[in-house]
Amino acid sequence: MHVIESIIMALASVRSHMLRSSLTLLSIGIGVFAIIASSGITGTLTQTLSSQLADLGENSMLIQRTPTLQFGGNWRKYQSRPDLTPEIARGLRHQMTTTQLISVSNTSNGYTVETTADASNPDVAVIGIDDLYFQVNAVSLQQGRSFTEQEVTLGSNVAIIGTDLLPLFNGTSPLGQRIKIRNQEFIVVGVLERKGGVLGQSQDNRVLLPLSIFIKYYSSRWDTSVDIAIKAYGKDAVSATFEEAVGIMRGLRDLKPWQENDFEIDLNEALAGQFNNLSAAIVVVAWVSGIGALLAAGIGIMNMMLVSVKERTREIGVRKALGAKRRWITRQFLIESITLCQLGGFTGVLGGLAVSYSATLLVRSSALPSLSFVWPLEAIIFSVVACTVIGVGFGFYPAWKAARLDPIEALRYE
Amino acid sequence: MESDSTAIIQIENIAKVYEMGEEQVHALRDVSLTINGNEYIALMGPSGSGKSTLMNMLGCLDTPSSGSYLFKGENVSEMSDDDLAEIRNREIGFVFQTFNLLPRASALQNVELPLVYSGMSKRDRLDRAADALHRVGLDNRMDHRPNELSGGQRQRVAIARALVTDPAIILADEPTGNLDSRTGQDIMGLFDELWKAGNTIILVTHEEDIARHAHRIVRLRDGKVESDTENAHAPLV
Ligand SMILES: Nc1ncnc2c1ncn2[C@@H]1O[C@H](COP(=O)(O)OP(=O)(O)O)[C@@H](O)[C@H]1O
Ligand SMILES: [Mg+2]
């Protein structure tokens, strides 16, 4: 095995054809970069979306004013829909016979939470909930208690915090302590079970407040509509509960039989399905475009190797005259083509690392100090494997051609 | 023809025909030769007489269209590409008119190359390559690349590369053709020494001055052996 010699030879030939080599290497780099970057984005998106889903419990459905995912130009239609309000929720609660588990919540982002000792970054999510929130949603308490019905209707100044906020209390128990969110003071009565973070999107950086006080002070100016979560009593009851909820909603909204729903209602599973379809589509697009780029780069490599074989015809003749068998010549050019691909892939990985690292720094300094850079080890392994496959796949024909050259013709080549 | 135990090369009635479209070019017709160990032969003849074709055949770079070729008793005319490569690697050293050194490799690496293909270990390769360079008087030029060497020095590197595998024959096609006459005579002095040390040398030339170094002169014309004579003027040993 004289692999090292062949690699050194490959590097030398890259050096002696700097411009042509760098263009080809660049195209390989772009292919690898495209796949790494797009699979990174897909990963982040999928995990973020599905973690939002994770809040909604089993056998549950969600009524929203507009769909979570919107495609195409239906924006106007959705925008003209009336808000969902706590009154609507009350109407549902009053009329539904298949369940009593109906919870209302709304979320608003970007608040600072202050304690006597410390203050958080302005990136805390504030969620207004009712007393059934913990029964309907897949969220539970680690310490303390939930809100009482009274606290919810009166809008008492009580709060439940996520575990990300614990450091604000300097190691003391947060229960019974005061926190301040935009001039309103609350007493902490509970701490949520830790949900963990997904690619920098922490699910624990939140404060739960009684719905009425939320609506008074924290409701988003653009979207005051609440979300209504309904839980069926069991798996078998899901479709009946779904049908009943749709019927009662239409009644509450006074819809005529020919009018379509002016709200969205989705089962937990259906939402999951939508997310899965979306992420599958992104994965397909990412791989198709990335593989397209790599194939284009592979053809570039093949051209480069064919030119290299042609230019070195005489050298091949000399090698054959000195006793190189076909497999030696094949091996030499294959190693050369793999080396070229790896160089390109390495460039792509470096580019991908540089871009994702700076993106991390940017997001960290502006929004998420807890964000830590994740080394895309899988992507690097992918790059090495893909580059080897491309190097062999597209280098084979030129190498085969070189190995079969007639030594006399090759020696005579000018 | 009776078989000679010291014969390295025995060719009998070989022909080489090139197809040029409709036309057939008879590069060699009915050539027979026997070459023994430690011979010093010059192949001569006008341009187009078939010298290079015969040389390629003797060097196992090509196979004859008809006739038989025995190399150390082995039938070469029916060998595969890879078998021929192995014979070339083990038994034949080539010296070309245009040197044919690898431009990006040092003198030492160039000389080492045939040993790479014979599968020798790195250390043995370097020892033997350095030894061969010493024999051609280039001890102090081992790390130089071809473009840092004079024409005569390049041809010395090429000769070192030809003898590093200790081959049965050294084939040189117009080895002095690209050198001035003085340097050419130096190179011929080197071939003389190799012959004295026991090597078998076959060289193609059209210069009488160069051919004079050989002990046997084979003249070709129109693809046939015109004469095959002892060289009375050969320098005495
Ligand atoms: N590859 C080839 N294809 C066709 N004709 C060839 C080829 N090689 C040599 N010839 C012809 O064979 C004859 C002998 O050529 P060559 O052996 O090169 O002669 P020399 O070396 O004595 O000048 C010439 O007529 C030449 O044109
Ligand atoms: Mg010739």
Side-chain angles (χ1 to χ4, degrees), chain A residues 1-18 20-21 304-305 307-336 339-340 399-414, chain B residues 16 18 27 52-57 59-63 79-106 109-122 125 145-146 157-158 160-165 167 171 173:
Chain A
M1 280 300 192
H2 303 276
V3 176
I4 309 280
E5 276 97 336
S6 297
I7 291 175
I8 291 169
M9 221 108 68
L11 295 179
S13 90
V14 168
R15 216 179 322 135
S16 63
H17 301 289
M18 213 51 193
R20 193 181 65 210
S21 311
M304 189 169 160
M305 292 307 297
V307 172
S308 176
V309 168
K310 195 160 182 72
E311 281 178 354
R312 285 154 69 192
T313 300
R314 216 188 162 94
E315 175 192 319
I316 295 164
V318 173
R319 289 174 182 277
K320 293 199 96 172
L322 298 182
K325 293 185 181 178
R326 285 182 179 182
R327 63 168 175 273
W328 269 102
I329 307 285
T330 312
R331 186 192 296 169
Q332 181 192 333
F333 281 95
L334 278 186
I335 290 174
E336 189 168 322
T339 306
L340 287 176
W400 179 83
K401 237 184 129 171
R404 288 181 56 95
L405 282 176
D406 173 16
I408 299 168
E409 306 260 313
L411 278 169
R412 213 185 277 140
Y413 185 83
E414 294 297 331
Chain B
K16 183 72 188 180
Y18 290 109
S52 295
T53 306
L54 180 57
M55 196 71 153
N56 292 336
M57 207 77 73
C60 297
L61 285 166
D62 205 355
T63 48
M79 278 189 179
S80 74
D81 223 29
D82 277 355
D83 291 338
L84 290 174
E86 203 169 314
I87 296 256
R88 290 196 295 271
N89 181 251
R90 210 173 47 220
E91 308 283 7
I92 295 157
F94 288 98
V95 178
F96 303 96
Q97 179 174 357
T98 51
F99 322 134
N100 279 333
L101 300 174
L102 301 190
R104 287 189 291 269
S106 69
Q109 288 167 332
N110 266 290
V111 176
E112 194 194 348
L113 195 57
L115 302 176
V116 169
Y117 296 132
S118 66
M120 191 180 280
S121 77
K122 180 91 184 166
R125 267 168 18 218
R145 292 190 176 194
V157 174
R161 181 177 67 184
L163 57 86
V164 73
T165 53
L171 291 176
D173 194 349

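It should be emphasised that the depicted structure is a prediction, and the values quoted were computed from it without experimental measurement. In what follows, chains are A, B, ... by sequence order, proteins preceding strands, each numbered from 1.
With a 4.5 Å cut-off on side-chain heavy atoms, A:Lys320 and A:Leu411 do not count as touching. Between A:Lys310 and A:Tyr413, the closest side-chain pair of non-hydrogen atoms falls below 4.5 Å. Contact check for A:Arg312 versus A:Gln332: side-chain heavy atoms found under the 4.5 Å cut-off. In this structure the side chain of B:Cys60 reaches within 4.5 angstrom of the side chain of B:Arg88, judged on heavy atoms. Looking only at side-chain heavy atoms (C-beta outward), A:Val309 and A:Phe333 come within less than 4.5 Å of each other.
When heavy atoms are compared at a cutoff of 4.5 Å, B:Arg90 does not approach chain A at all. Residue B:Leu61 touches chain A through both its backbone and its side chain, counting heavy-atom pairs closer than 4.5 Å. Using a 4.5 Å cut-off between heavy atoms, B:Asp82 touches chain A through backbone and side chain atoms alike.
Interface remark: of the candidates A:Arg314, A:Arg327, A:Arg404, A:Arg314 forms the most heavy-atom pairs closer than 4.5 Å to chain B. Interface check for chain A: of the options B:Ile92, B:Asp83, B:Asn56, the most heavy-atom pairs under 4.5 Å are formed by B:Asn56. Ranking B:Asp81, B:Leu84, B:Leu113, B:Leu101 against chain A, the residue ahead of the rest is B:Asp81, based on heavy-atom pairs under 4.5 Å.
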